[in-house]
Asker: 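Dropping a structure here in structure tokens format, bear with me for questions.
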Amino acid sequence: MTNKKVYVFNITLNLENSPVMHSGKINQNILKKGEAPWREIAILENDNLYNFAKVIINSFGFMFDHCFGFYSNLEERKMYDSKEIYELFTDLKDEEHTPKAKGVKKEKISEAFKEKGKKMLFYFDYGDSWNFFVELKDIKETDIKKSYPILLSRHGKKPEQYPSFEE
């Protein structure tokens, strides 16, 4: 029996576009700091993108309460032109979704991220527009003494998911 692989990701909040709230205001608490919060996560290769999204959101201290997607085009304005799209909408019955999108509940991490250095845009909450850059940094052997997924490191305070805005 071969050991499963562990995928190590760096997830960075996109400061240029996150979050653009429906009112068009930017989360000032994040911008004042001037540094994008990031997390480093290790997760098993056979985990699905749905669970990966949940780990990402939990690592930033958010509630996992909105739809999301992974897009190969890193620009928010062009994400629907991506060659690869994985959306929760595809897995939900009676929900409109991007025609060429795959779902996130059956798609494995190893199928979406095939080589080190691959980057995708993780877009969470289509109303508030939180977006993160996800990069596969390494693929390693599992450590049988550890239980995955693991938050390996973090930088920056957790942003407020629903911040109050100053006028």
Side-chain angles (χ1 to χ4, degrees), residues 1-19 36-76 78-93 95-126 128-156 158-159 161:
M1 183 170 118
T2 60
N3 281 348
K4 294 177 185 167
K5 301 285 184 190
V6 173
Y7 281 46
V8 178
F9 289 93
N10 188 310
I11 297 97
T12 306
L13 180 65
N14 179 358
L15 283 184
E16 291 186 26
N17 291 324
S18 285
W38 57 263
R39 306 292 185 259
E40 186 178 52
I41 294 170
I43 190 166
L44 293 174
E45 66 181 327
N46 64 340
D47 219 331
N48 63 36
L49 292 175
Y50 181 87
N51 289 335
F52 184 34
K54 192 173 189 177
V55 169
I56 292 170
I57 293 306
N58 288 341
S59 76
F60 281 91
F62 288 3
M63 292 182 287
F64 192 56
D65 57 352
H66 291 282
C67 284
F68 59 87
F70 292 87
Y71 302 87
S72 61
N73 193 323
L74 300 179
E75 293 182 52
E76 179 185 352
K78 297 181 181 179
M79 66 187 195
Y80 294 111
D81 296 332
S82 295
K83 291 181 181 177
E84 291 178 76
I85 299 174
Y86 307 94
E87 292 178 334
L88 179 59
F89 290 125
T90 303
D91 293 315
L92 302 175
K93 291 183 179 186
E95 288 292 329
E96 189 175 324
H97 64 276
T98 306
K100 61 183 177 176
K102 294 180 180 179
V104 294
K105 291 188 175 181
K106 292 181 183 173
E107 199 70 28
K108 304 291 182 211
I109 289 172
S110 61
E111 295 166 352
F113 292 89
K114 293 184 180 180
E115 71 262 344
K116 286 191 252 182
K118 180 166 183 183
K119 296 177 184 177
M120 293 192 87
L121 175 70
F122 172 61
Y123 195 87
F124 177 74
D125 186 349
Y126 293 84
D128 288 347
S129 304
W130 286 95
N131 56 85
F132 304 82
F133 298 120
V134 175
E135 181 178 3
L136 178 57
K137 299 300 280 185
D138 204 359
I139 301 172
K140 301 179 176 186
E141 296 294 324
T142 56
D143 181 341
I144 59 170
K145 298 174 188 170
K146 296 182 179 179
S147 179
Y148 297 93
I150 300 170
L151 177 61
L152 298 171
S153 60
R154 72 175 83 215
H155 173 78
K158 71 176 193 165
Q161 185 174 4

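Just so you know, residue 1 is the first one in the sequence shown, and it goes up from there.
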Asker: Show the nearest heavy-atom pair for residues L121 and L74, with the distance to one decimal.
Answerer: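 In terms of heavy atoms, the two residues are closest at N-CD2, 3.4 Å.
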Asker: I want to know whether F62 and W130 have ring centres closer than 6.0 Å.
Answerer: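 For F62 and W130, the ring centres are under 6.0 Å apart.
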Asker: For K100, I'd like to know if atom NZ has over 12 heavy atoms of other residues, nucleotides or ligands within 6.0 Å.
Answerer: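 Yes.
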Asker: Provide the closest heavy-atom pair for I139 versus K5 in the form atom of the first, atom of the second, distance.
Answerer: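 So the minimum-distance heavy-atom pair works out to CG2-CB, 3.8 Å.
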Asker: So, do K158 and R39 sit near enough that their side-chain heavy atoms are less than 4.5 Å apart?
Answerer: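 Of all side-chain heavy-atom pairs linking R39 with K158, at least one is under 4.5 Å.
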Asker: Under the rule for side-chain hydrogen bond (donor to acceptor under 3.5 Å, both in side chains), what residues qualify as partners of T98, not counting sequence neighbours?
Answerer: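 side-chain hydrogen bond (donor to acceptor under 3.5 Å, both in side chains) check on T98 returns E87.
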Asker: For S82, give me all partners under side-chain hydrogen bond (donor to acceptor under 3.5 Å, both in side chains), at least two apart in sequence or on another chain.
Answerer: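 Listed in chain order: nothing, the list is empty.
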Asker: Taking all non-hydrogen atoms of both residues, which atom of I41 and which atom of I56 are closest, and how far apart?
Answerer: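 Smallest heavy-atom distance, with atoms named: CD1-CA, 4.1 Å.
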Asker: Please lay out, stage by stage, how K4 and N46 fare under the test side-chain contact (heavy atoms from CB on, under 4.5 Å).
Answerer: CA-CA 8 Å; K4 294 177 185 167; N46 64 340; 3.3 Å; yes
Asker: Taking all non-hydrogen atoms of both residues into account, name the closest pair between L88 and K105 and its distance.
Answerer: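 In this case the closest contact between L88 and K105 is CD1-CE, 3.9 Å.
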Asker: Before you tell me yes or no, could you show the steps for F68 and Y123 under ring-ring contact (aromatic ring centres under 6.0 Å, His included), namely the whole-Å CA-CA distance, both residues' side-chain angles and the distance that decides it to 0.1 Å?
Answerer: CA-CA 5 Å; F68 59 87; Y123 195 87; over 10 Å; no
Asker: Which residue in the set N10, T12, N14, I11 passes side chain to side chain contact (heavy atoms under 4.5 Å, CB included) when paired with F132?
Answerer: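 Of the listed options, the one satisfying the test is I11.
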Asker: Can you tell me how far CD of E75 sits from CG of N131, rounded to the nearest 0.5 angstrom?
Answerer: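 That separation rounds to 11.0 Å.
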Asker: Quick check: closest heavy atoms across I85 and M79, and the distance to 0.1 Å?
Answerer: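 In terms of heavy atoms, the two residues are closest at CD1-O, 4.0 Å.
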Asker: Salt bridge (Lys or Arg N to Asp or Glu O under 4.0 Å) with D81: which residues, sequence neighbours excluded?
Answerer: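 Scan of D81 (salt bridge (Lys or Arg N to Asp or Glu O under 4.0 Å), adjacent residues dropped) gives none.
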Asker: Return the orientation label for the F124 and F64 ring planes: parallel under 30°, perpendicular over 60°, tilted otherwise.
Answerer: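 Geometry flag for F64 against F124: parallel rings.
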Asker: With rounding to the nearest 0.5 Å, note down the distance linking CG in L152 to CD1 in I43.
Answerer: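 One finds 11.0 Å between CG of L152 and CD1 of I43.
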Asker: Could you tell me which residues satisfy side-chain hydrogen bond (donor to acceptor under 3.5 Å, both in side chains) with H155, sequence neighbours excluded, listed by chain and number?
Answerer: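 With neighbours one apart ignored, the set is E35.
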Asker: Checking E115 now: which residues fulfil salt bridge (Lys or Arg N to Asp or Glu O under 4.0 Å) with it, not counting sequence neighbours?
Answerer: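 E115 satisfies salt bridge (Lys or Arg N to Asp or Glu O under 4.0 Å) with no other residue.
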Asker: Within a reach of under 6.0 Å around NZ of K140, are more than 12 heavy atoms found that belong to other residues, nucleotides or ligands?
Answerer: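 No, the 6.0 Å shell around NZ holds no more than 12 heavy atoms from other groups.
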Asker: Counting the benzene-type ring for Trp, do F113 and Y7 have ring centres under 6.0 Å apart?
Answerer: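 Ring-ring flag for F113/Y7: false, centres at least 6.0 Å apart.
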Asker: Could I get the full list of side-chain hydrogen bond (donor to acceptor under 3.5 Å, both in side chains) partners for D91, not counting sequence neighbours?
Answerer: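 side-chain hydrogen bond (donor to acceptor under 3.5 Å, both in side chains) check on D91 returns nothing, list empty.
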Asker: F89: what forms a ring pair (Phe, Tyr, Trp, His ring centres under 6.0 Å) with it, not counting sequence neighbours?
Answerer: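 Ring pair (Phe, Tyr, Trp, His ring centres under 6.0 Å) list for F89, sorted by chain: Y126.
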Asker: Going by side-chain contact (heavy atoms from CB on, under 4.5 Å), name the residues that satisfy it together with E84, two or more places apart in sequence or in a different chain.
Answerer: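 S72, Y86, K118, M120.
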Asker: Show, in sequence, the C-alpha distance, side-chain angles and deciding distance for I109 and L49, and conclude whether the side-chain contact (heavy atoms from CB on, under 4.5 Å) test is met.
Answerer: CA-CA 6 Å; I109 289 172; L49 292 175; 4.2 Å; yes
Asker: State, yes or no, whether a side-chain contact exists between S59 and R154 at a heavy-atom distance under 4.5 Å.
Answerer: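 Contact flag for S59/R154 side chains = no.
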Asker: So, using salt bridge (Lys or Arg N to Asp or Glu O under 4.0 Å) as the criterion, who are the partners of K106 when residues are at least two apart?
Answerer: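 With neighbours one apart ignored, the set is empty.
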Asker: For L92 and C67, run side-chain contact (heavy atoms from CB on, under 4.5 Å): C-alpha distance rounded to whole Å, both residues' side-chain angles, the deciding distance at 0.1 Å, then the answer.
Answerer: CA-CA 10 Å; L92 302 175; C67 284; 3.9 Å; yes
Asker: Of all the heavy-atom pairs spanning K114 and E111, show the shortest one and how long it is.
Answerer: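 Minimum heavy-atom contact is CE-O, 3.2 Å.
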Asker: Can you sort out the partners of F52 under ring pair (Phe, Tyr, Trp, His ring centres under 6.0 Å), two or more places apart, ordered by chain and number?
Answerer: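 By the ring pair (Phe, Tyr, Trp, His ring centres under 6.0 Å) rule, F52 matches F9, F70.
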Asker: Would you indicate whether the side-chain heavy atoms of L44 and P149 approach each other to under 4.5 Å?
Answerer: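 Counting from C-beta outward, P149 and L44 never come under 4.5 Å.
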Asker: Does Y80 have any ring pair (Phe, Tyr, Trp, His ring centres under 6.0 Å) partners at least two apart in sequence or in another chain, and if so, which?
Answerer: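 In terms of ring pair (Phe, Tyr, Trp, His ring centres under 6.0 Å), with neighbours along the sequence ignored, Y80 is linked to Y71.
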Asker: Is E141 close to V6 at the side-chain level, that is, under 4.5 Å between some pair of heavy atoms?
Answerer: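 In short, these two side chains do not touch, never coming nearer than 4.5 Å.
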Asker: Please determine whether side-chain contact (heavy atoms from CB on, under 4.5 Å) holds for the pair M63 and Q161, giving the CA-CA distance in whole Å, both sets of side-chain angles, and the decisive distance to 0.1 Å.
Answerer: CA-CA 8 Å; M63 292 182 287; Q161 185 174 4; 3.7 Å; yes
Asker: Any pair with a residue in residues 40-58 that passes salt bridge (charged side-chain N to carboxylate O under 4.0 Å, His left out), sequence neighbours left out, goes on the list, sorted by first then second residue, please.
Answerer: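 The answer is none; no pair qualifies.
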